[in-house]
Amino acid sequence: MLEATHFVPFTEDMKKTHTILIPGMLPFHFSLLRDALNSCGYKAEVLQNTSREVVETGLKYVNNDICYPALLVIGQLINALKSGKYDLEHTALIITQTGGGCRASNYIFLLRKALEKAGLAHIPVISLNVNGLEKQPGFHLNGSMLRKFLAAVIYGDALMYLTNKVRPYEVVQGATDALAQQWLTKLGKAFHDGKAQALSTMKKFTKTIAEDFSQVPITNQEKIKVGIVGEIYIKFAALGNNNLEKFLQQQNCEYMLPGLLNFVMYCVDTYLTDYKLYGGSFWKYGTNKAAMWYLKHLESILRDALDTPPFTAPAAYEETKAMVKGVIGYGNNMGEGWLLTAEMLELVRNGYTNIICAQPFGCLPNHIAGRGMINKIKEIAEEANILAIDYDASASKVNQENRIKLMLATAK
């Protein structure tokens, strides 16, 4: 059991004086989430420090038996604080809490304990959660902010999907990323002006984004198609997966990751499933039911945009969910749970038969729904070529990349 740590509140005055540091994960999404947060009157910054020092800092201040993503997130935050770049009297941190069985809900307590150990106990830590787990007097997660955050997820998913589809085939190297940066700037301004979260704006912008990417000159060259799944932080964060996406680019592959919206919908759906299986608060059930309705509406906006020729939108959430009916129980919803299995099946169906399952040390649910389901997936989809890669502080990057090269050599 964790010892009690000193709680430092983020006050109303700090909203004007403090910079909030956000640990990095998804470049497009988190850039937009930062813009959304800044548009609410805060001053936020997404961390970019990804050197080996981050890992060493995590090893120093976090129990080494904890899951690898916790070590990296906490290591990145403390490494940034000790870099000399920030005024430690006017800096705060923010971290998510899902409230589920995953140990991610306890990262905030591990972070505060690490801050005490590092002599930084006076730094306020904000919990970003929708479950009322912890409240701060100077940070208010209201409906307006949530709508902005969800808009950032939609735009981020659109940019991630389209860049992954176009970049491997671009005629002019760098054209895809340059276009993505142009849109990040434009969307950042839209958040600043308070317009980005409007449904009409999302429809217009996502459609225009897809049309712009469809005009990028591409070749007809065939490439090996690779899907990336796994624990949410390790599959998305370059710091967690040793720059896996960059490595696959160097191997001349087209790779694809499932969108973040899928995971958001899964988190909401988890409460609906648990209510049916075990009971609970009917009020919370109704709230989550309404939230799921809104998320499906946003999904329809995103999928309509991603169906712009020559692109084809990925499967809808309910369609992806249906793929694992009778394969793995919907009550298996710790961590990524059944969604991880479903995403592998969906990627195979869409032609990404070669799949890398990124598995962090200490994440038991991920190993069960990931590595543990490989044989079952191959029974359903014989063409699946799945490689589970373990990531931890002592894992050899060379060994990981050699195993991936071997998988690509036998790619179907």
Side-chain angles (χ1 to χ4, degrees), residues 23-27 29-30 50 54-55 58 62-77 95-108 110-111 128 153 156-157 160 226-245 247-248 255-267 269-270 320 324 328 332-347 352 355-374 377 386-395 397 400 403-404:
M25 187 173 79
L26 283 157
H29 298 70
F30 276 43
T50 58
V54 169
V55 180
V62 182
N63 187 307
N64 296 167
D65 287 336
I66 200 66
C67 48
Y68 190 45
L71 185 147
L72 292 176
V73 169
I74 295 171
Q76 186 179 46
L77 289 166
I95 195 167
T96 56
Q97 272 189 294
T98 60
C102 174
R103 283 183 286 188
S105 294
N106 292 318
Y107 284 10
I108 192 166
L110 294 167
L111 175 56
L128 181 61
V153 171
D157 274 2
M160 181 174 71
V226 180
I228 303 173
V229 298
E231 187 272 336
I232 186 168
Y233 182 85
I234 297 298
K235 74 176 176 183
F236 284 141
L239 175 61
N241 59 39
N242 287 331
N243 290 293
L244 175 60
E245 292 182 50
F247 174 74
L248 290 174
Y255 60 86
M256 183 56 62
L257 295 103
L260 183 59
L261 181 63
N262 259 15
F263 185 77
V264 174
M265 296 179 78
Y266 162 78
C267 289
D269 198 19
T270 289
T320 302
V324 290
I328 184 172
N332 188 330
N333 52 27
M334 293 294 172
E336 285 66 33
W338 62 260
L339 180 65
L340 174 52
T341 308
E343 287 178 339
M344 285 194 274
L345 286 170
E346 199 251 343
L347 283 166
Y352 297 89
I355 296 175
I356 297 171
C357 184
Q359 310 222 169
F361 170 81
C363 185
L364 182 59
N366 190 261
H367 283 263
I368 292 170
R371 177 182 274 115
M373 293 301 295
I374 290 177
I377 290 170
I386 306 172
L387 174 66
I389 298 286
D390 294 317
Y391 291 91
D392 63 63
S394 60
K397 180 180 179 181
Q400 291 165 346
R403 291 187 63 206
I404 295 170

statement: Note: G230 and K235 closest approach over all heavy atoms is O-CD, 3.5 Å
query: For the residue pair P23 and L77, what are the closest heavy atoms and their distance?
result: CD-CD2, 4.0 Å
task: For I355 and E343, run side chain to side chain contact (heavy atoms under 4.5 Å, CB included): C-alpha distance rounded to whole Å, both residues' side-chain angles, the deciding distance at 0.1 Å, then the answer.
output: CA-CA 10 Å; I355 296 175; E343 287 178 339; over 6 Å; no
message: Just verifying a value: how many Å separate L110 CG and I66 CD1, rounded to the nearest 0.5 Å?
response: 5.0 Å
query: Are D269 and W338 side-chain neighbours, meaning at least one heavy-atom pair lies under 4.5 Å?
result: yes
message: Give me the atom names and distance for the closest heavy-atom approach of P360 to A358.
response: CD-O, 3.8 Å
field: Any donor-acceptor pair under 3.5 Å from E336 side chain to I232 backbone
entry: yes
query: Roughly how far, to the nearest 0.5 Å, is the CG atom of L339 from the CD1 atom of I328?
result: 10.0 Å
- prompt: Under 3.5 Å, is there a donor-acceptor pair between the side chain of N64 and the main chain of V62?
  reply: yes
- line: Taking every heavy atom of I374 against every heavy atom of A388, the minimum-distance pair comes out as CD1-CB, 4.3 Å
statement: Of all heavy-atom pairs linking A393 and Y68, the shortest is N-CE1, 3.3 Å
- prompt: Short question: side chain of Q359, backbone of R371 - any donor-acceptor pair under 3.5 Å?
  reply: yes
- prompt: Which value, rounded to the nearest 0.5 Å, describes the distance between L248 atom CG and M256 atom CE?
  reply: 12.0 Å
Any donor-acceptor N/O pair, T341 side chain to A369 backbone, under 3.5 Å: yes
field: Straight-line distance of L71 CG to Y107 OH, nearest 0.5 Å
entry: 9.5 Å
- prompt: Measuring from T320:OG1 to E346:CD, what's the distance to the nearest 0.5 Å?
  reply: 4.5 Å
message: If I compare all heavy atoms of V229 with all of P258, which pair ends up nearest, and what's the gap?
response: CG1-CG, 4.3 Å
- prompt: Hey, does the side chain of N242 reach the backbone of L244 with a donor-acceptor pair shorter than 3.5 angstrom?
  reply: no
message: Whether the side chain of N332 engages the backbone of G337 through a donor-acceptor N/O pair (distance < 3.5 Å, no angle test) should be reported.
response: no
field: Sub-4.5 Å side-chain heavy-atom contact between L72 and V55
entry: yes
- prompt: Can you name the side-chain hydrogen bond (donor to acceptor under 3.5 Å, both in side chains) partners of E231, sequence neighbours left out?
  reply: none
- prompt: Would you say Q76's side chain and G24's backbone share a donor-acceptor pair under 3.5 angstrom?
  reply: yes
- prompt: Side-chain contact, heavy-atom cut-off 4.5 Å: F236 with M160?
  reply: yes
message: Whether the side chain of H367 engages the backbone of G372 through a donor-acceptor N/O pair (distance < 3.5 Å, no angle test) should be reported.
response: no
message: With a 3.5 Å distance limit and no angle check, can you tell me whether D392 reaches the backbone of F361 through a side-chain donor-acceptor pair?
response: no
Separation between OG1 of T96 and CE of M25, rounded to the nearest 0.5 Å: 8.0 Å
